[in-house]
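Please read the structure below before turning to the comments.
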Amino acid sequence: MDSTGMPVRRRTLLAAGGAAAAVGATAFSTRASADPASGNGYVDVQLLNITDLHGYLQPPAPNDGGLITGAGGVTLTVGGVGYLATHLNRLREGNANSIFCSSGDNFSGWPYYVDSQNNEPTIEVLNKLGLRFSSVGNHELDKGPSFLIDHMEHGAPYAIDRPYDSLVDSTGRRFHGADFRYYSGNVVYRDNGRLIVPAYNVEYVDAGGGRTLPIGFVHLTVQGCVEGPGFNCSYQPTLRTTDIVAAANRAAAELKRRNVHAIVIVMHEGGYAGPDFNSGVDPTGPAFEVAAKADPDIAAVVTGHWHCRFNMMVPDPNGVPRPVVEAGYYGQVINEIHLKLDRDTGRIVRELTTSVNHAVTRDVPVDPEVQDIADYWSRSSDRLYATPIARQTGDLTRVPNADGESAFGNLVADFIVWDTLQSNQGHAQFAFLPAKPPKGISALRGDLPYAKGANAADGDGVVLFGEAWTAYGFDSPIVTVSMTGDAFHRGLEQQWQTQANGTVGFFPLAVSDQVRYTYDPTKPVGQRIDPATLTIDGTPIDLAATYRIATNAYTVLAYDGYPALTEYTDAVRHSLDHEGFIRYVRLLGTIDPPALGRATSTAAHARGMAPAYVPPPAAGRDDRPPLPDGVRC
């Protein structure tokens, strides 16, 4: 029993100024909110929310988000939009004022069947589910604000080659965009400080007697998601983010000036509060910092981004409890908050707020219409995979020669230079990419052998769309940056790194056809490449000069373990890696494996045939800090 005589049942109520509370099956703001009769005479509003769907339309595998943990460590099998639709429909029954929203990262996820189809399948499903609005997640910015607003929201043609200009939805019509809008109060254009989308939206609910009442929803996006490091896919040099708490309070103040006094935060930022999907303990993370500081007139904080699940009541700056919730990812959970509005003032009666997380279990029938949409796009992706886009005259594999060079690595390095030349700015003089980085993963994900593969549409020398898509890239943008010759030279030297056990590891970089160099493996680490042998278009590199160099954003943002290659300025963003590579392969039509010999060992010269290389006394410095632990993408 609590101090009021009410059973606690795995939750702790909050006193004014108290700490965050663990909660059980339903979170109650006060004792009164647990009594249904207490809500009589007020306007009931049901707020349903999901987050971080990431295009997982089909049920995720058990090891890929398909299992969640409940009370007592019980595991539940969850996910899949067919099941999500059934649970949503059941929750909506009997709720006249039901609002369904998302905290962001709806699309730009990782399943091939949506990623390869421009993420349009996800929007069609969310339209069918009746999503009313969404916060902008970091992944909604993976292709930039124009893609989000013009294409995904409004259905304008996506300025990219086939097949994106001919996709049709499950009804046989061309993609028309979202039936809902996106919002964010803290993502702005770097040059003028203007918001890319509105900071908030206002929804009106039926108060009876022909009256409506407004509810304002303040939207926020994870701070730093477009600046890097710490993020990769959403790196957007033309954008920046502003302080998340200041943005929340600014939007709340504006809503109150408009006489909107029922206010909720929906944000793509989160935290962690234990493993139980419907409780919370020892909360940590930015979401709880926002909850502790944001305007006390905000009645609830709906979060995302961390791929966590919790359902809590947390005190506002005045010590009054309000729900702080997160609904997992990949359609695992639906959060349900019930708000009670005063008919006369339009304010939320905070003492009567409740919240609960519902697992999207698979023990219910799938919604046939929604499942049909998901299945349509899965079949479409299979056909797309089997589409021939080019021919090859030999193997394009990652198998390295003794100098760490491979035909596929050289092909991709050449593609990166080409990709920068397709835009009106940021043209690169040459490119590089890690073939085997010291940390992280290489964007070279597979091989393109000459021999036919298992797909029935394949043949000797045939390159299928799906083969090319999966062989290279992980949705990282190509970027051109300014880098000194000295930094690039030191980056090449960092292909050899002394390990903890004293051995020297070799972590080769692929370079484009403009680059040639020799190295001496007998020399000390850091002194193996004589700059006189490092040439760009046949001219020895100038260590003091600045070059325009291209690679994946992943590398310059310090994920790969070559510190010198993070010393850059003036970044210009180009295509996402998958998409640009598909265009390049299609344009080539016939691909000849690039010759090797861009990097060459000088072991023979080391036996006395060439003078020793002595590095300059001021070689520069690796002046960017290591990438902090945190969310990558």
Side-chain angles (χ1 to χ4, degrees), residues 392-418 430-451 460-461 463 467-468 471-473 488-499 503-538 541 549-552 555 560-562 565 581 584-585 588 590-607 609-610 613:
Q392 61 191 94
T393 61
D395 286 336
L396 295 163
T397 73
R398 298 164 293 169
V399 177
N401 65 6
D403 299 316
E405 194 176 356
S406 71
F408 192 49
N410 284 0
L411 176 71
V412 172
D414 291 344
F415 147 68
I416 292 174
V417 174
W418 174 88
F430 59 93
F432 69 88
L433 79 154
K436 183 185 175 183
K439 64 178 185 178
I441 55 176
S442 173
L444 303 176
R445 308 297 301 279
D447 299 317
L448 294 175
Y450 179 84
D460 289 349
V463 181
E467 291 175 329
Y472 165 66
F488 180 64
H489 171 248
R490 285 183 289 114
L492 290 178
E493 291 279 14
Q494 288 167 359
Q495 293 176 104
W496 298 274
Q497 298 185 16
T498 303
Q499 308 301 290
T503 62
V504 175
F506 181 37
F507 306 101
L509 293 162
V511 294
S512 62
D513 195 38
Q514 296 80 12
V515 181
R516 296 288 187 277
Y517 67 92
T518 55
Y519 69 94
D520 187 342
T522 69
K523 292 291 189 288
V525 170
Q527 302 177 26
R528 294 188 170 188
I529 302 172
D530 184 340
T533 72
L534 173 56
T535 63
I536 310 299
D537 286 323
I541 198 166
I549 308 176
T551 189
N552 281 82
T555 298
D560 283 322
Y562 305 91
L565 298 179
F581 187 61
Y584 181 65
V585 169
L588 289 178
T590 299
I591 309 171
D592 297 317
L596 306 184
R598 300 175 186 183
T600 307
S601 171
T602 60
H605 289 237
R607 291 193 294 268
M609 298 174 60
Y613 162 57

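For the pair Gly561 and Pro438, the tightest heavy-atom approach, listed with the atom from each and the gap, is O-CG, 3.5 Å. Nearest heavy atom pair, residue Ser601 against residue Pro521, reads OG-CD, 3.6 Å. Among all heavy-atom pairs drawn from Glu493 and Arg528, the shortest one is OE1-N, 2.9 Å. Nearest approach of Pro594 to Ala407, heavy atoms of both residues: CD-O, 3.6 Å.
Between Tyr562 and Thr551, every side-chain heavy-atom pair lies at or beyond the 4.5 Å cut-off. Looking at Leu444 and Leu433, their side chains come closer than 4.5 Å, going by heavy atoms from C-beta outward. By the 4.5 Å heavy-atom criterion applied to side chains, Asp560 and Asn552 are not counted as neighbours. With a 4.5 Å cut-off on side-chain heavy atoms, Thr555 and Pro434 count as touching. Counting heavy atoms from C-beta on, the side chains of Leu396 and Ser406 never come closer than 4.5 Å. Counting only heavy atoms from C-beta outward, the side chains of Gln497 and Val525 never approach each other to under 4.5 Å. Two residues are said to be in side-chain contact when any heavy atoms from C-beta on lie closer than 4.5 Å; Leu411 and Gln392 fail this criterion. The shortest distance between side-chain heavy atoms of Leu534 and Val515 falls below 4.5 Å.
Between the Arg398 side chain and the Gly409 main chain, no donor and acceptor come within less than 3.5 Å of each other. In this structure, Asp395 contributes its side chain and Tyr450 its backbone to a donor-acceptor pair below 3.5 Å.
With no hydrogens or angles considered, a side-chain donor-acceptor pair links Thr393 and Asp592 at under 3.5 Å. No hydrogens or angles considered: nothing links the side chains of Thr602 and Thr518 as a donor-acceptor pair under 3.5 Å. Side-chain atoms of Tyr519 and Asp403 form a donor-acceptor pair, as typed in the model, at a separation below 3.5 Å.
Between the CZ atom of Phe507 and the CD atom of Gln495 there is a distance of 11.0 Å, given to the nearest 0.5 Å. Considering CD1 of Ile529 and CD of Gln494, their distance stands at 10.5 Å, rounded to 0.5 Å. Of the inter-residue distances, the one linking Arg598 atom CZ with Gln514 atom CD reads 8.0 Å to the nearest 0.5 angstrom. The line from CZ of Arg516 to CD1 of Ile536 is 10.0 Å long, rounded to the nearest 0.5 Å. A distance of 4.5 Å separates CD in Glu405 from CG in Asn410, rounded to the nearest 0.5 Å. Taking CD of Glu467 as the start and CG of Asp447 as the end, the distance is 11.0 Å to the nearest 0.5 Å.
For Phe488, the ring-ring contact (aromatic ring centres under 6.0 Å, His included) test picks out Phe430, Phe432, with sequence neighbours left out.
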Stepwise side-chain contact (heavy atoms from CB on, under 4.5 Å) test for Leu565 and Leu509: CA-CA 11 Å; Leu565 298 179; Leu509 293 162; 4.0 Å; yes

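Ring geometry for Trp418 against Tyr584 counts as tilted: the plane angle lies between 30° and 60°, on a 0 to 90° scale.
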